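To start, the structure itself, in structure tokens.
The model shown is predicted, which means the values in this text are computed figures rather than measured ones. Note that the numbering runs from 1 along the sequence shown for the chain.
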Amino acid sequence: MMRESGILLPISSLPSQYGIGCFSKEAYEFVDQLALANQKYWQILPLGPTSYGDSPYQSFSTYAGNPYFIDLNTLIEEGVLTKKECDLADFGLDSRFIDYGKLYKARYKLLRKAYERSNISQNPEFRTFQEENAWWLDDYALFMAVKGFFQDECWDKWPEDIKKRYGYALDYYREQLYFEIEFQKYMQFEFSIQWKKLKTYANENGIRIIGDIPIYVAYDSADTWAHPELFQLDEENVPLAVAGCPPDGFAADGQLWGNPLYRWDYHRRTGYTWWMQRLSYAFYLYDVVRIDHFRGFDEYFSIPYGDTTARNGHWEKGPGIELFHRMKEVLGERDVIAEDLGYVTDSVRQMVFESGFPGMKVFEFAFDSRDTGCAGDYLPHNYPVNSVVYTGTHDNATLIGWYQDIPKEGREMLRDYIHDYTTSDRSLHWSVICRVMGSPARICMIPMQDYLGLDNTCRINTPSTLGTNWKWRLLDGEFTSDLQNKIKKLVRIYQRN
């Protein structure tokens, strides 16, 4: 099997004008840089519209795209915005970190201007887009328009008639909020065009996109509002229990995600129709799909609704391998990465093995005494060929930050393992990168921050925290030709062509 490698960098972390990484010329330049470094994969995070906390894992829709990623320069070229308007908007002055407060206020004002000038209703391509995507787009656009009408309150605070989707209420808001609904559809149309163009460019240059599908959807989402029958909700659509993770060495109270849990008996009776739709759309967006929290399909952690921690949660059985047998029946053979991290049981290992999907190996987990899983599974000499190795993921510290934070015995064990006692702490990330590049794992993915040797001020996310996450950005010029050549040399040495 071919040995390959790639780089993990969220779209939001790209360098670009106007406050956040997007589908701009810098995205195309990053594809060029990946190709010059002989990389085969670009891994991104979920592309959905983000809600409170700015997490791509808490989205208003499992199908919609994030309007923040629409390139404003493209709209300038289309004549629906002016450069002066975009330059005058306040996105903040820090090119390293996203200011989501300013982004929210400035970006949507500009996108609204673009919509009002677009004459989009007369565009035949837009009409086709609406027809082909009506199965999710109609509910999403109405949901967002009504949400805006009620000052962005969660849908469970809406009046009873629209909260429960009475027919007359749906008709009323569709009429009253016609232009708000069309504005939402316009943004999805622009997102779709720009994303497909970028993905096509990547594929033409030998780069495959690894996308991410969260196991759960947000409670405050079009998915939950439009299809409450899919989830463990009571007759008033209040969750009976919510998702999370149990306490471990990293979080004494566990992780309380708060997502509604699935009614797996209902999904089984319907032949997992909703899941087949969801997965099919993910494979339309991406070349390879990383399924987040894969172990949750074997067993999922159920926390009583209203609890403030995950301490009182318990494990329940999920659908198991049956769901993925069904996927292969309906969708055929597809490229999937199973995010099988955390405390991995024998039944999870068996499910991953039966699926045939490569699991994930995170180097950092092998040397941290706080890890409650099987640290030996994460030592490179133990990696199976059918696996994807990471130095760390978007949820982990950077290599430099991690090495600074782990106990002394962990640092000593690391240097013993890689047999490197002379490289400085600030440069040790290269020794680790070489170790994982040389591992048996078929695919090796390195976060951009680890190639740059950045510390924890540049990590993407710290789980169970709010306010400092999803903000880091690559600076223009940081992915130098020297760095590209260094990565290219490693690809040649470790035969990841």
Side-chain angles (χ1 to χ4, degrees), residues 52-53 55-58 212 214-219 231-232 238-262 264 290-320 338-352 359-379 390 392-398 401-410 413 456 459-470:
Y52 174 73
S55 170
Y57 294 90
Q58 295 287 347
D212 202 322
I215 183 174
Y216 295 117
V217 303
Y219 178 68
F231 306 97
Q232 295 182 26
V238 174
L240 299 169
V242 294
C245 278
D248 60 18
F250 297 93
D253 289 329
Q255 296 181 34
L256 180 62
W257 301 336
N259 306 74
L261 298 168
Y262 296 108
W264 283 118
R290 189 197 84 123
I291 300 180
D292 186 55
H293 196 57
F294 195 78
R295 75 144 300 164
F297 295 100
D298 176 58
E299 289 183 311
Y300 61 90
F301 202 62
S302 175
I303 303 165
Y305 179 70
D307 279 17
T308 56
T309 75
R311 287 182 174 273
N312 295 322
H314 66 278
W315 293 103
E316 295 273 358
K317 287 300 294 180
E339 193 272 289
D340 56 344
L341 305 178
Y343 184 68
V344 181
T345 63
D346 288 341
S347 58
V348 174
R349 288 191 182 91
Q350 182 62 27
M351 183 176 69
V352 175
M360 289 175 56
K361 303 299 177 185
V362 177
F363 182 86
E364 291 180 6
F365 289 176
F367 301 92
D368 197 326
S369 60
R370 294 171 298 177
D371 179 46
T372 55
C374 300
D377 288 349
Y378 300 104
L379 289 166
Y390 296 76
T393 73
H394 63 278
D395 280 335
N396 298 118
T398 66
W402 165 79
Y403 182 76
Q404 291 170 342
D405 286 350
I406 59 174
K408 181 182 177 182
E409 58 268 27
M413 180 184 174
N456 272 346
R459 70 183 288 171
I460 296 294
N461 179 49
T462 303
S464 300
T465 65
L466 281 174
T468 60
N469 300 318
W470 320 109

Test side-chain contact (heavy atoms from CB on, under 4.5 Å) applied to Val238 and Tyr305, step by step: CA-CA 9 Å; Val238 174; Tyr305 179 70; 3.5 Å; yes

Calculate, to the nearest 0.5 Å, the distance between atoms NZ and OG belonging to Lys317 and Ser302 respectively. 14.5 Å

Is it the case that the side chains of Tyr57 and Asp212 hold a donor-acceptor pair, with the cut-off being a distance below 3.5 Å and no angle test? yes

Check for a donor-acceptor pair, side chain of Asn469 on one end and backbone N or O of Thr465 on the other, with a separation under 3.5 Å. yes

Hey, would you say the Tyr390 and Phe363 ring centroids sit under 6.0 Å apart? no

If you look at every heavy atom in Ala252 and Arg311, which pair is closest and at what distance? O-NH2, 3.1 Å

Does any non-hydrogen side-chain atom of Tyr219 lie less than 4.5 Å from one of Gln58? no

Of all the heavy-atom pairs spanning Trp470 and Gly53, show the shortest one and how long it is. CD1-O, 3.6 Å

Side-chain contact, heavy-atom cut-off 4.5 Å: Met413 with Ile406? no

Side-chain touch Trp257/Ile303, heavy atoms, less than 4.5 angstrom: no

Tell me the closest heavy-atom pair linking Pro239 and Val242, and the distance in Å. CB-CG1, 4.0 Å

Pairwise distance CD(Gln232) to CD(Glu316) - rounded to 0.5 angstrom: 7.0 Å

Value for CG (Asp253) from OG1 (Thr308), rounded to nearest 0.5 Å, stands at 7.5 Å

Only one of Ile291, Asp298, Val352 passes side-chain contact (heavy atoms from CB on, under 4.5 Å) with Asp340; say which it is. Val352

Looking at Asp395 and Arg459, is any side-chain nitrogen of the basic one under 4.0 Å from a carboxylate oxygen of the acidic one? no

If you compare all heavy atoms of Cys245 against all heavy atoms of Ala310, which two are closest, and at what distance to 0.1 Å? O-CB, 3.3 Å

Distance (rounded to the nearest 0.5 Å) between Phe231 CZ and Trp264 CH2: 10.0 Å

Tyr300 ring center near Trp315 ring center (under 6.0 Å): no

Say whether Trp402 and Gln404, considering side chains only, have a donor N or O and an acceptor N or O under 3.5 Å apart. no

Heavy-atom check, side chain of Asp307 versus side chain of Leu256, under 4.5 Å: no

Measuring from Asn259:CG to His293:NE2, what's the distance to the nearest 0.5 Å? 10.0 Å

Roughly how far, to the nearest 0.5 Å, is the CG atom of Asn456 from the OG1 atom of Thr398? 4.5 Å

What closest approach, in Å, do Ala243 and Tyr216 show between heavy atoms, and which atom pair accounts for it? CB-CE1, 3.4 Å

Residues two or more places apart in sequence or in another chain: which of them pass side chain to side chain contact (heavy atoms under 4.5 Å, CB included) with Leu341? Glu339, Met360, Val362, Phe365, Tyr378, Thr393

